[in-house]
Amino acid sequence: MSSERYNFKIIENKWQKIWEKDKSFSAKIDKNKKKFYCLEMFPYPSGKIHMGHVRNYTIGDVLARYKSLNGYNVLHPMGWDSFGMPAENAARQNNLDPKTWTETNIANMRSQLKMLGLSIDWDREISTCKPEYYKHQQEFFLELFDKGLVYRKEQYVNWDPVDQTVLANEQVIDGKGWRSGVPVERKKLNQWFFNISKFSNELLENLDSLDEWPNKVKVMQKNWIGKSFGCEIKFSIEQSDKIDEIKCFTTRPDTLFGMSFLALSVDHPVSKLYQNDEGFIKFKKECSSTGTTEEAIASAQKIGFKTNLLAINPMNNEKVPVYFANFVLMDYGLGAVFGCPAHDQRDFDFAKKYNLNIKPVVTPELNNKEFQTVEAAYTGPGYIFNSSFLDGLKCPEESIIKTIEYLEKNNLGQKKINFRLKDWGISRQRYWGCPIPIIYDENNNPQKVPKNMLPVELPKIEQLEPTGNPLDKAINWKNVNINGKKFKRETDTLDTFVDSSWYFLRFCSPNKEDYGFDEDEVKYWMPVDQYIGGIEHAILHLLYSRFFMQAISYKNEKIKIKEPFKGLFTQGMVCHETYKDNNNNWVSPDETMILNGKRYLNKDNSIPVKVGPIESMSKSKRNTIDPAKIIDSFGADAVRLFILSDSPPEKDVQWSDEGIEAAYKFIQKLWSLNNKILDKINEDNPKNENNNLEKITNKFIKKISNNLENFNYNIVIANIHELYGLLNKEINIKYTKKTLIENYKKIMFCLNPILPHLSNEIIENLNLKEEIIWPKYNDKFLIEETIAYVIQINGKKRALIETDKNIDEDNLLRLISDNASLKKYIDNKEIKRKIFVPGKLINIII
RNA sequence: GCCCUCGUGGUGAAAUUGGUAGACACAAAGGACUUAAAAUCCUUGCCGCUUGCGGAGUGCCAGUUCGAGUCUGGCCGAGGGCACCA
């Protein structure tokens with residue numbers, strides 16, 4: 001009996017080399033096979049892989065391998081999201097070239113990923129910072145420009161003072177930059193925009209068709225797009241020769257009769273009339289001093305600046321005052337609202353402060369004409385009153401529609417659907433990004449860079465200065481001569497989210513030179529069947545990619561795909577305990593040791609560390625574990641096994657030393673079981689003692705298949721543990737060589753997606769000379785002749801009786817009355833009712 | 001404030017359509033093997049009484065049902081998203 005331990009270093013390396021040499025995972029169009037496009041979100045090349053990558057790519061790899069064994073033609077590519085600020089920051093700090101920095105990182109991370117044994121088609125590798133990639137991005141930019149989906153305008157933008165760049169709305173979180181974490185400022189700049197809002201409706205409605213997406217992501221996108229149904233109302237203005245009307249958007253036109261003021265944003269065009277008014281200037285300043293934090297908004301008082309204008313209520317011609325108010329936002333709706341204090345809490349607060357009329361027009365009960373709103377606005381359902389011809393209408397079901405009908409008929413307003421989604425500002429004042437292929441003539445008019453001059457490559461810059469836009473200072477690059485005419489290049493680069501909005505298309509034909517993708521290849525491979533990544537991209541990246549697919553297929557009959565990702569899976573984060581020393585400094589797990597169950601500092605084992613809460617791994621808390629080190633000590637299969645074992649993939653998982661050690665031990669156990677089985681195979685009995693082995697094999701093929709299909713990878717690992725236990729016992733029974741090999745082979749095929757190195761090695765040792773395919777189970781072996789019937793008395797389990805599965809009720813009752821331990825419950829009692837569930841249980845009510 | 005998700009042993013978690021709650025694993029304790037250690041294997045969810053058995057038990061309170069972790073209503077708690085959104 002061979003008894004040497006499993007040497008993962010030799011064996012894993014051996015198989016990784018074989019896969020690389022044989023191009024085992026190279027994907028080619030094969031129209032006779034069903035395709036499966038498995039994609040994990042590609043990494044930013046920060047330098048090293050982290051545990052989040054390990055989890056993400058292991059989940060994807062298990063799926064890709066499983067689908068491949070099931071006969072699918074699998075596309076499983078990998079690339080690098082390699083433009084972005086860390087490269088630029090590193091360059092500024094250490095006087096490096098961002099390109100070199102990025103390429104070194106990529107080389108390092110590629111070799112680390114290869115150590116995980118991923119089934120990736122490395123021939124399709126792409127990197128977004130390469131001109132061969134971004135050339136096509138520039139083509140797309142110009143294509144979208146021609147389609148009218150790109151435009152330039154001066155606008156207030158979110159300015160990140162630390163990163164010295166503009167941020168999209170989506171990139172501002174709680175009023176702070178998504179990367180820098182500092183409060184965002186308002187700044188007016190000329191910016192390029194993608195007209196994402198043109199597709200608001202499509203982006204919203206298509207969500208319903210994405211039935212393989214997590215509901216929570218769809219809800220988040222739905223909220224973000226923020227569709228609301230209402231109408232635009234025209235209000236005539238008195239006492240002004242400069243304006244005749246102001247338009248408001250409202251979702252509650254049915255409360256018009258309760259209107260007592262009109263409120264405008266301080267940025268509303270009407271504010272021009274007051275730009276020299278000292279009171280207004282002071283008021284505007286006051287408004288902007290209100291912070292953007294949650295508390296500030298929640299506790300901010302409703303304040304207003306009264307104008308000398310009067311607005312006329314189109315329903316009854318009553319005149320109401322016009323205010324500027326701090327709670328009206330210019331970038332939602334039309335920057336103007338009519339105030340109905342009785343039925344809107346904000347308006348109510350405002351009316352109280354400025355002593356405005358509060359007239360209720362909705363009553364909860366039909367006949368309660370005395371209804372008043374004294375303490376707060378009433379926003380619930382009811383019936384319209386105090387409203388002339390609208391009186392008695394059911395609110396909101398009838399009242400809103402009827403009011404809009406009236407307004408439209410009398411040309412006072414019109415039905416309108418409003419979206420919260422804003423256009424995507426894509427200009428960034430950075431160096432390390434894709435140059436925008438635009439040049440400005442001597443009159444500063446933007447022109448497209450001619451197609452034959454693409455790509456517009458980034459210039460080499462010797463020394464990046466600490467702040468400001470480097471391209472703006474690269475004079476030689478900026479000034480360009482075309483056909484004797486002088487132009488200046490656009491010096492902003494594209495938001496890096498543009499890079500990742502179409503990379504899934506590029507993977508279909510990564511080497512195509514004349515266009516970003518090949519139509520036939522895209523037709524075959526797209527959409528991505530399963531996309532896997534973190535929940536943090538629920539809005540930004542996923543919405544932008546969906547937009548890009550809309551934009552590419554817009555006015556293009558050849559591209560029918562509207563949604564890039566058919567299935568989406570969002571995996572949870574990898575967490576670890578946190579540690580601090582006596583001075584409250586974070587301590588990394590590497591700097592600690594365990595003595596008698598307590599944790600101490602390595603450098604002085606008399607100093608205990610404080611164990612803090614379990615949090616997602618992050619550099620700032622120093623609770624990261626380096627995957628490269630772990631793979632080196634335990635092997636890729638052990639890492640894969642553990643990262644999947646402890647929690648469902650969509651939930652957070654806690655990394656622990658004990659867990660990875662247990663996974664390592666289990667691999668060793670599988671190996672020694674293998675040695676035992678190889679010995680048994682050589683015994684070659686003439687006849688099988690029983691068919692338990694077939695039963696076990698088929699039962700677990702079924703279980704593991706079902707669990708893999710449903711992403712229950714943690715349960716698959718449990719199944720494998722259980723299978724090991726049963727096999728370890730069953731192997732002492734005598735089987736023929738054929739039976740043993742046939743079943744053991746299938747079990748190893750089942751382990752292949754999770755433990756590719758170990759299972760390949762074992763399969764090779766079996767000398768089968770056959771391809772690994774996903775085994776099918778045979779129902780014949782799943783039929784159990786006997787079953788443990790559950791015997792309940794008054795709904796309580798009292799016994800299990802092992803008996804014939806097809807026993808009838810009478811015979812089962814006979815067994816029950818013969819059963820000594822059940823006698824005491826039944827004897828001398830009248831049976832009132834029996835519930836018999838064949839093949840499962842019987843419940844006796846007495 | 002609005003929307004979504006989730007509450008099961010010391011811990012991570014299992015549990016087809018309502019049908020044996022706690023599979024599988026980690027930790028801890030006890031035991032076996034060993035001169036000893038490592039490694040390996042076995043036992044143990046809680047409360048009772050002596051083995052065996054009995055009782056309670058899936059955040060809390062009701063309800064539906066022969067039967068509820070699972071379905072319904074209300075409450076409490078945690079996490080996440082959105083937010084002067086008109």
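Proteins come first, then strands; the chains are lettered A, B, ... in the order of their sequence lines, and each starts at number 1. Hydrogens, waters and symmetry mates play no part in the numbers below; they use all other heavy atoms, side chains included. Every value quoted in this text rests on a predicted model; they were computed, and no experiment measured them.
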Colleague: With respect to the phosphate group of B:rC85, does any side-chain polar atom (N or O) of A:Arg346 fall under 4.0 Å of OP1 or OP2?
Modeller: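 Indeed, a polar side-chain atom of A:Arg346 lies that close.
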Colleague: Specify the separation, in whole Å, of atom CD1 of A:Ile660 and atom P of B:rA27.
Modeller: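 Spelled out: CD1 on A:Ile660 to P on B:rA27 is 13 Å.
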Colleague: Taking atom C1' of B:rC3 as reference, at what distance in whole Å does atom CD1 of A:Ile225 sit?
Modeller: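 To the nearest whole Å, that distance equals 15 Å.
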Colleague: Measure CD/A:Gln345 against C1'/B:rA83 and give the value in whole Å, please.
Modeller: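 Atom CD in A:Gln345 sits about 15 Å away from atom C1' in B:rA83.
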Colleague: Could you state the atom-to-atom distance from NZ of A:Lys665 to P of B:rA27 in whole Å?
Modeller: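 Going from NZ in A:Lys665 over to P in B:rA27 covers 7 Å.
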Colleague: Applying side chain to side chain contact (heavy atoms under 4.5 Å, CB included), name anything that partners A:Lys227, two or more places apart in sequence or on another chain.
Modeller: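 Listed in chain order: A:Asn201, A:Leu204, A:Glu205, A:Ile417, A:Phe419.
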Colleague: Using atom C1' in both nucleotides, what's the gap between B:rG77 and B:rA29 to the nearest angstrom?
Modeller: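 32 Å, rounded to whole Å.
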Colleague: Assign each of A:Phe327 and A:Val219 to its nearest nucleotide of RNA chain B by heavy atoms, then name whichever residue's nucleotide is nearer the 5' end.
Modeller: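 Its nearest nucleotide lies further toward 5', so the answer is A:Val219.
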Colleague: Rounding to an integer number of angstrom, what distance separates B:rU17 and B:rU70 when you compare their P atoms?
Modeller: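 Each nucleotide's P atom is 14 Å from the other's.
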Colleague: Could you label the plane-to-plane angle of the A:His541 and A:His537 rings as parallel, tilted or perpendicular, counting under 30° as parallel and over 60° as perpendicular?
Modeller: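 Perpendicular, since the angle between the ring planes exceeds 60°.
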Colleague: On RNA chain B, compare the nucleotides closest to A:Val653 and A:Thr251; which residue's is nearer the 5' end?
Modeller: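 Taking each residue's closest nucleotide, the earlier one in sequence belongs to A:Val653.
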Colleague: Can you list, pair by pair, the side-chain donor-acceptor contacts under 3.5 Å of residues 834-846 of chain A, counting residues two or more places apart and other chains?
Modeller:
| from | atom 1 | to | atom 2 | distance (Å) |
| --- | --- | --- | --- | --- |
| A:Asn843 | OD1 | A:Gly795 | N | 2.8 |

Colleague: Which letters describe nucleotides 18-26 of chain B, given B = protein heavy atom under 4.0 Å from base, S = only from sugar-phosphate, - = neither?
Modeller: -BB--BSSS
Colleague: Suppose you measure atom C1' in B:rA25 against the same atom in B:rU5; what distance do you get, rounded to whole Å?
Modeller: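 Between the two C1' atoms, the distance is 26 Å.
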Colleague: When you compare B:rG81 with B:rG19, how far apart are their P atoms, in angstrom units rounded to a whole number?
Modeller: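 Going atom to atom, P in each nucleotide, I get 35 Å.
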Colleague: Rounded at 0.5 Å granularity, tell me how far CG in A:Asn313 sits from OG in A:Ser260.
Modeller: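 Atom-to-atom, A:Asn313:CG and A:Ser260:OG are 10.0 Å apart.
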Colleague: Look at the side chain of A:Lys832 against the base of B:rC66 and say whether a donor-acceptor pair falls under 3.5 Å; ignore hydrogens and angles.
Modeller: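 By the distance-only test, no, there is no pair.
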Colleague: Pairs under 3.5 angstrom only: tabulate donor-acceptor contacts from the side chains of residues 652-662 of chain A to other protein residues two or more places apart or in another chain.
Modeller:
| from | atom 1 | to | atom 2 | distance (Å) |
| --- | --- | --- | --- | --- |
| A:Asp652 | OD1 | A:Met573 | N | 2.8 |
| A:Ser656 | OG | A:Gly659 | N | 3.0 |

Colleague: OP1 or OP2 of B:rA13 versus the side-chain N and O atoms of A:Ser647: is any pair under 4.0 Å?
Modeller: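 A:Ser647 to B:rA13 OP1/OP2: side-chain N or O found under 4.0 Å.
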Colleague: Angle between ring planes, A:Tyr724 versus A:Phe666, binned at 30° and 60°: parallel, tilted or perpendicular?
Modeller: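 A:Tyr724 vs A:Phe666 ring planes: perpendicular.
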Colleague: Considering only the P atoms, how many Å lie between B:rU11 and B:rA28, rounded to the nearest integer?
Modeller: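 It works out to 15 Å between them.
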Colleague: Counting just side-chain N and O atoms, does A:Arg420 come under 4.0 Å of either OP1 or OP2 of B:rC85?
Modeller: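 Answer is no, no contact under 4.0 Å.
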Colleague: Using whole Å, what does the distance between atom P of nucleotide B:rA83 and atom OH of A:Tyr332 come to?
Modeller: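 In whole Å, B:rA83 P and A:Tyr332 OH are 12 Å from each other.
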Colleague: For B:rC42 and B:rA27, measure between their P atoms and round to the nearest Å.
Modeller: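 After rounding to an integer number of Å, I get 15 Å for this pair.
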Colleague: Once side chain to side chain contact (heavy atoms under 4.5 Å, CB included) is applied, do any residues pair with A:Thr803, and if so which ones, sequence neighbours excluded?
Modeller: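 A:Thr803 satisfies side chain to side chain contact (heavy atoms under 4.5 Å, CB included) with A:Tyr789, A:Ile801, A:Ile807, A:Leu812, A:Leu815 once adjacent residues are dropped.
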Colleague: Rounded off to whole Å, could you give me the CH2-to-C1' distance for the A:Trp224 and B:rC82 pair?
Modeller: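 Result: 8 Å.
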Colleague: Would you kindly give the CG-to-C1' distance between A:Asp657 and B:rG12, to the nearest whole Å?
Modeller: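 A:Asp657 atom CG is separated from B:rG12 atom C1' by 15 Å.
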Colleague: Please name all residues satisfying salt bridge (charged side-chain N to carboxylate O under 4.0 Å, His left out) with A:Arg420, sequence neighbours left out, ordered by chain then number.
Modeller: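 Expected list: none.
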Colleague: Name all residues meeting the side chain to side chain contact (heavy atoms under 4.5 Å, CB included) criterion together with A:Pro649; count only those two or more places apart in sequence or in a different chain, and write none if there are none.
Modeller: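 By the side chain to side chain contact (heavy atoms under 4.5 Å, CB included) rule, A:Pro649 matches A:Ile59, A:Phe569, A:Tyr713, A:Asn714.
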Colleague: From CG of A:Asn215 over to P of B:rG80, roughly how many Å is that when rounded to an integer?
Modeller: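 One finds 19 Å between P of B:rG80 and CG of A:Asn215, rounded.
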Colleague: What residues, two or more places apart in sequence or in another chain, satisfy salt bridge (charged side-chain N to carboxylate O under 4.0 Å, His left out) together with A:Glu615?
Modeller: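 With neighbours one apart ignored, the set is A:Lys621.
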Colleague: Within the 4.0 Å heavy-atom criterion, would you say A:Leu334 contacts the bases, only the backbone, or no part of the nucleic acid?
Modeller: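 No contact.
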Colleague: Could you work out, with salt bridge (charged side-chain N to carboxylate O under 4.0 Å, His left out) as the rule, every residue matching A:Glu232, not counting sequence neighbours?
Modeller: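 If we apply the salt bridge (charged side-chain N to carboxylate O under 4.0 Å, His left out) test to A:Glu232, skipping adjacent residues, the hits are A:Lys247, A:Lys416.
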Colleague: If I pick the P atom on B:rA23 and the same atom on B:rU44, what distance separates them, to the nearest angstrom?
Modeller: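 It comes out at 10 Å once rounded to the nearest Å.
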Colleague: I'd like to check A:Ile630 versus A:Met51 (side-chain heavy atoms, cut-off strictly below 4.5 Å). Are they in contact?
Modeller: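 Yes. Closest side-chain heavy atoms under 4.5 Å.
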Colleague: Just confirming the chi classification of B:rG9, syn or anti, using 90° around 0 as the syn window.
Modeller: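 Base orientation relative to the sugar is syn.
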Colleague: Using the P atom on both, measure B:rA39 against B:rC49 and round to a whole Å.
Modeller: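 It works out to 38 Å between them.
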Colleague: Return the polar atom pairs (N/O with N/O) between nucleotides 52-59 of chain B and the protein under 3.5 Å, or none.
Modeller:
| from | atom 1 | to | atom 2 | distance (Å) |
| --- | --- | --- | --- | --- |
| B:rG54 | OP1 | A:Tyr825 | OH | 2.4 |
| B:rG55 | OP1 | A:Arg798 | NH2 | 3.3 |
| B:rG55 | OP2 | A:Arg798 | NH1 | 3.0 |
| B:rA56 | OP2 | A:Lys796 | NZ | 3.4 |

Colleague: In dot-bracket, 5' to 3', how would RNA chain B read with Watson-Crick or G-U wobble pairs under 3.5 Å, [ ] for crossing ones and | for pairs to another strand?
Modeller: (((((((..(((......[....))).(((((.......))))).((((..))))...(((((..]....))))))))))))....
Colleague: Not counting sequence neighbours, which residues clear side chain to side chain contact (heavy atoms under 4.5 Å, CB included) with A:Asn418? List them please.
Modeller: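 In terms of side chain to side chain contact (heavy atoms under 4.5 Å, CB included), with neighbours along the sequence ignored, A:Asn418 is linked to A:Ser228, A:Phe249, A:Tyr332.
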